[in-house]
Amino acid sequence: MTSFLPPSERIWWNVPVGKQEIVWIGIALVWCLIMFFMMPYWHIYGKQNLSNEAYQTTPAKFQAKVDAMVEQYQVGEEAGFPIVRPPAGSDVYILGRLWQWYPILELEKGQSYRVHLSSMDWNHGFSLQPVNINLQVLPGYEMVVTMTPDQAGDYAIVCNEYCGIGHHTMLGKIIVKEK
Amino acid sequence: MSQFRVCPDTGFYFDKSAESLMKANAVAGAVALLIAGIMALGVVLTRWQEVHLLPADLFYQVLTAHGINALIFWIIFFEIAIMYFASSVLLRTRLAAPRWAWAGFALMIIGAVMNNVAVLQGNSSVMMTSYVPMQAEPHFYLGLILFAVGALIGCFVFLGTLVIAKEDKTYDGSIPLVTFGALTACIIAVFTIACGAIILVPTFLWSIGYINHIDAEMYRVIWWGLGHSSQQINVAAHVSVWYLITGVLFGARPMSEKVSRSAFLLYIFFLQLASAHHILVDPGISSEWKVFNTSYAMYLAVLASMIHGLTVPGAMEVAQRSKGYTKGLFEWLRKAPWGNPVFSGFFISLFTFGFIGGITGVVMGTEQINLIIHNTIYVPAHFHATVVTGTTLTFMALTYLLIPLLFRRALFLPWVAKMQPYVFGGGMTMMILFMLGAGTLGVSRRHWDMDFTGAALSFEYPGTAYMMMAVGAIGGVLGVVGGAMYLTVTVGSLLFGKKLDENAGFLQSFGVPMPASSYNIEQPERLEMASKVVEEHGDGGFEAPGTFVLAMALLVCFVVYYFINWDYLSSVWPLS
């Protein structure tokens, strides 16, 4: 009379289901549907969504875009990285490579930027701290995310996808300034 | 030719070749668990920043070996043993094609050894996921491929055994629920291995220079059809084992065959879609794809798990109540055999899998919430709740049940066995909870140094994050101690446990068959259908009210935690 014996009824699918199971299945199903519709709901009313805009690219092409931005908008230097201040609302570029996030961006609080991300070599993980926004960065793909920094301060980009022996040294920086 | 023996304690019939194969697979699994456990110690003692034991290269190497041995080798060896049990023992039939089964086993051993050698040599520290274009040695991939082919043979032996049982009419009516669950696991395993072959074969060819490029995103999408789905085999397998354990310990019968089997069917249809959980913040994938897949098409597989969450303890409650434990809501649970490691292991596993593993999995698998969780240490915290305190602890509990039945030995150091589920389950739960906390603070997974020593720029995690990593590591060490206790009891039982059958020798523990005289039954009697239920609840009330209260508690935790995470998400920078 147990779960490891053949069912007691030959036609077990005709045995009526108890009230308790029916009530629970009903409750669970409603919860599942709520969770499902939360995602489209957030796409319409929420403020944190990915556009899923992405392009195929090559390391060389992406590097060229980064270099052009650095050349045009560089305002300083820190620890060997150029600090770049592109105009609000513009396209900005960050590349991941062994083991750097390049360059350092200086953004203005409350303004939106189209941030382009790609990798020069392996998988990297863009982890903006301490805000805690995490994105996967792949070679051959250029992902575009519109970000609107809503607080001033210095932010770090930690690499959170394993990328070899120097993985833990891969830190980048985004500076957000008040207007 | 007689080839069956009957277990005098339980009445289970063991086919000679199935018995040897189950032992061999279970022992191989335990060896993989031993390696995984030793590696685990290296991992936790390094991530405990104040201890920071290993240098970076060794840490990544150890982490790779830990992941593969624990998540793939230990679990799949053990699952093959479970499949043979659920088919040949539960259906009282001979095993199909035992020679093929041994060939599959040999391939799995060769593959596991080859892969471990590749990792130990040091040039294949690519993590279990081995994302391209980071490259491992060719025999790293080849080892995994051989292992998978061997496991696939095991799946087909299982299916063949079901066919033989049906042809020989060894049972009456439909296959038991536990076998149905194992069949679910097998179907998911075939899908999983197919995904593995589709991506690992080209990757192997790429590693020897025959193919010059593998797209990084394509790799991730298909690899997760292997990586995540292999963990779904576990879910189906350990839920089946839960039903088995409640059946053996309490004589519990499913509350409803239809409901439990439909829930398994939902797993077959929808569980695989969850490989999308890993792709939620990747470039080039549309939100429509993400939303549909990450939610298993409207959370139908979550629904299935919530159903098992009610029906597994519910079946136990009904059985306990019929024995007279009817006081209040929870006498059936209070008076359960908490000192029996088969029960305590099972129940701790059920609880932590549902409350921690299940809830965190759904939360982080929500498309937008994944933005604040992806690749943080929250992720391994979640899957340790599912695979370690869930699957592994269930398999440990099952081992305590099988040592007398299958290996015909009494448990060695029973008091250690009695404490083991509490030490292992407790330690791992502590580690998991603090890792969840550290992940919420942004601490990265797969990261050697949260101080970023040697980086040109700098960043400091909050002090709380360090505290959480340290406390979590202490839990992890406790977990390793619990794992060592398990291996002490199991290996000790095989070596020194009192023999319940005079032929249960040392070599017999590793799969060498017992002498022919042990097998004195030519064909077991046909397996009868379970006896009919006597209608005992005519009032239309709830049969298992205590379980219903527990289920509602789960739901409340679930809802609250789910919306807390949306709230947290709404506080980060707007993204579009």
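Here is the naming used below: chain letters follow the sequence lines, and residue numbers restart at 1 for every chain.
If you measure heavy-atom distances from B:Thr366 to chain A, the contacts under 4.5 Å come from both the backbone and the side chain. Interface residue B:Ile373: only backbone heavy atoms are found under 4.5 Å from chain A. Only the side chain of A:Ile104 has a heavy atom closer than 4.5 Å to any heavy atom of chain B. In this structure, chain A has a heavy atom under 4.5 Å from the backbone of B:Leu441, while its side chain stays farther away. Residue contact with chain A, scored on non-hydrogen atoms closer than 4.5 Å, is absent for B:Asp451. Residue B:Phe59: no heavy atom, backbone or side chain, is found under 4.5 Å from chain A. Heavy-atom distances place no part of B:Tyr219 under 4.5 Å from chain A, backbone and side chain included. In this structure, chain A has no heavy atom under 4.5 Å from any part of B:Tyr378. Looking at A:Asp154, there are no atoms closer than 4.5 Å to chain B (heavy atoms on both sides), in backbone or side chain. Contacts between A:Trp31 and chain B at a heavy-atom distance below 4.5 Å involve the side chain alone, from C-beta outward. Contact of B:Val259 with chain A is made through the side chain alone, with heavy-atom distances under 4.5 Å. With a 4.5 angstrom heavy-atom cutoff, A:Leu128 touches chain B only via side-chain atoms. At a 4.5 Å heavy-atom cutoff, B:Ser260 makes no contact with chain A through either its backbone or its side chain. With a 4.5 angstrom heavy-atom cutoff, B:Ile175 touches chain A only via backbone atoms. Heavy-atom distances place both the backbone and the side chain of A:Val145 under 4.5 Å from chain B. With a 4.5 Å cut-off on non-hydrogen atoms, B:Ile285 touches chain A through its backbone but not through its side chain. Contact annotation for A:Val176: only side-chain heavy atoms (C-beta onward) come within less than 4.5 Å of a heavy atom of chain B. With a 4.5 angstrom heavy-atom cutoff, A:Ile27 touches chain B only via side-chain atoms. Proximity to chain A (any heavy atom under 4.5 Å) is restricted, for B:Leu280, to the backbone atoms N, CA, C and O. Heavy atoms closer than 4.5 Å to chain B are found nowhere in A:Phe126, neither backbone nor side chain. Using a 4.5 Å cut-off between heavy atoms, B:Val89 makes no contact with chain A at all. Within the 4.5 angstrom heavy-atom criterion, no atom of B:Ala263 approaches chain A.
The distance between the ring centers of A:Tyr41 and A:Phe37 does not fall below 6.0 angstrom. Taking the six-membered ring wherever Trp is involved, the centroid distance between the rings of B:Phe85 and B:Phe12 falls below 6.0 Å. Less than 6.0 angstrom separates the ring centroid of B:Phe542 from the ring centroid of B:Phe548. In this structure, A:His168 has its ring center at least 6.0 angstrom away from the ring center of B:Phe452. Between A:Phe4 and B:Tyr243, the distance from one ring center to the other does not fall under 6.0 angstrom.
Open room surrounds CD on A:Gln151; 12 or fewer heavy atoms of other groups in view lie less than 6.0 Å from it.
The candidate from A:Ala54, A:Ala79, A:Pro130, A:Pro6 with the greatest count of non-hydrogen atom pairs under 4.5 Å with chain B is A:Pro6. Of the listed residues (A:Met35, A:Met170, A:Met143), the greatest number of heavy-atom pairs within a distance under 4.5 Å of chain B belongs to A:Met35. Most heavy-atom pairs under 4.5 Å with chain A: of the set B:Pro133, B:Ala56, B:Pro55, B:Gly284, this distinction falls to B:Pro133. Each of A:Phe81, A:Tyr141, A:Trp24, A:Trp13 has some count of heavy-atom pairs under 4.5 Å with chain B, and the biggest count is that of A:Trp24. Of the listed residues (A:Gln129, A:Met147, A:Glu142), the one with the most heavy-atom contacts under 4.5 Å to chain B is A:Gln129. Across A:Thr169, A:Asn132, A:Val17, the residue that shares the most heavy-atom pairs under 4.5 angstrom with chain B is A:Asn132. Heavy-atom pairs under 4.5 Å with chain B were tallied for A:Val115, A:Val144, A:Leu50; the largest tally goes to A:Leu50.
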- [ ] Give the C-alpha distance, both sets of side-chain angles, the deciding distance and a yes or no for salt bridge (Lys or Arg N to Asp or Glu O under 4.0 Å) between B:Asp172 and A:Arg10.
- [x] CA-CA 8 Å; B:Asp172 202 15; A:Arg10 202 167 291 275; 3.1 Å; yes
TODO: Show your working on side chain to side chain donor-acceptor pair (under 3.5 Å) between A:Glu53 and A:Tyr55 and close with a plain yes or no.
DONE: CA-CA 7 Å; A:Glu53 183 181 345; A:Tyr55 305 93; 2.5 Å; yes
- [ ] Please lay out, stage by stage, how B:Ile279 and B:Glu217 fare under the test side chain to side chain contact (heavy atoms under 4.5 Å, CB included).
- [x] CA-CA 9 Å; B:Ile279 323 289; B:Glu217 184 63 70; 3.7 Å; yes
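Remark: the backbone N or O of A:Glu161 is not paired with any side-chain donor or acceptor of A:Asn123 at under 3.5 angstrom. Looking at A:Thr58, its side chain does come within 3.5 Å of a backbone N or O of A:Lys61 through a donor-acceptor pair.
By the 6.0 Å and 45° rule, B:Arg526 does not stack over the aromatic ring of B:Tyr171. Geometrically, A:Arg97 does not engage A:Trp122 in a cation-pi contact, judged by NZ or CZ lying under 6.0 Å from the ring centre and within 45° of the ring axis. Annotation: cation-pi geometry satisfied between B:Arg261 and B:Phe180 (NZ/CZ under 6.0 angstrom from ring centroid, within 45° of ring axis).
Under 4.0 Å is where a charged nitrogen must lie from a carboxylate oxygen, and between B:Asp282 and B:Arg220 at least one such pair does.
What you find for B:Ser287 and B:Glu367 is that their closest heavy atoms are OG-OE2, 2.9 Å.
Here the CD1 atom belonging to B:Ile307 is positioned 6.0 Å from the CG atom belonging to B:Leu266, to the nearest 0.5 angstrom.
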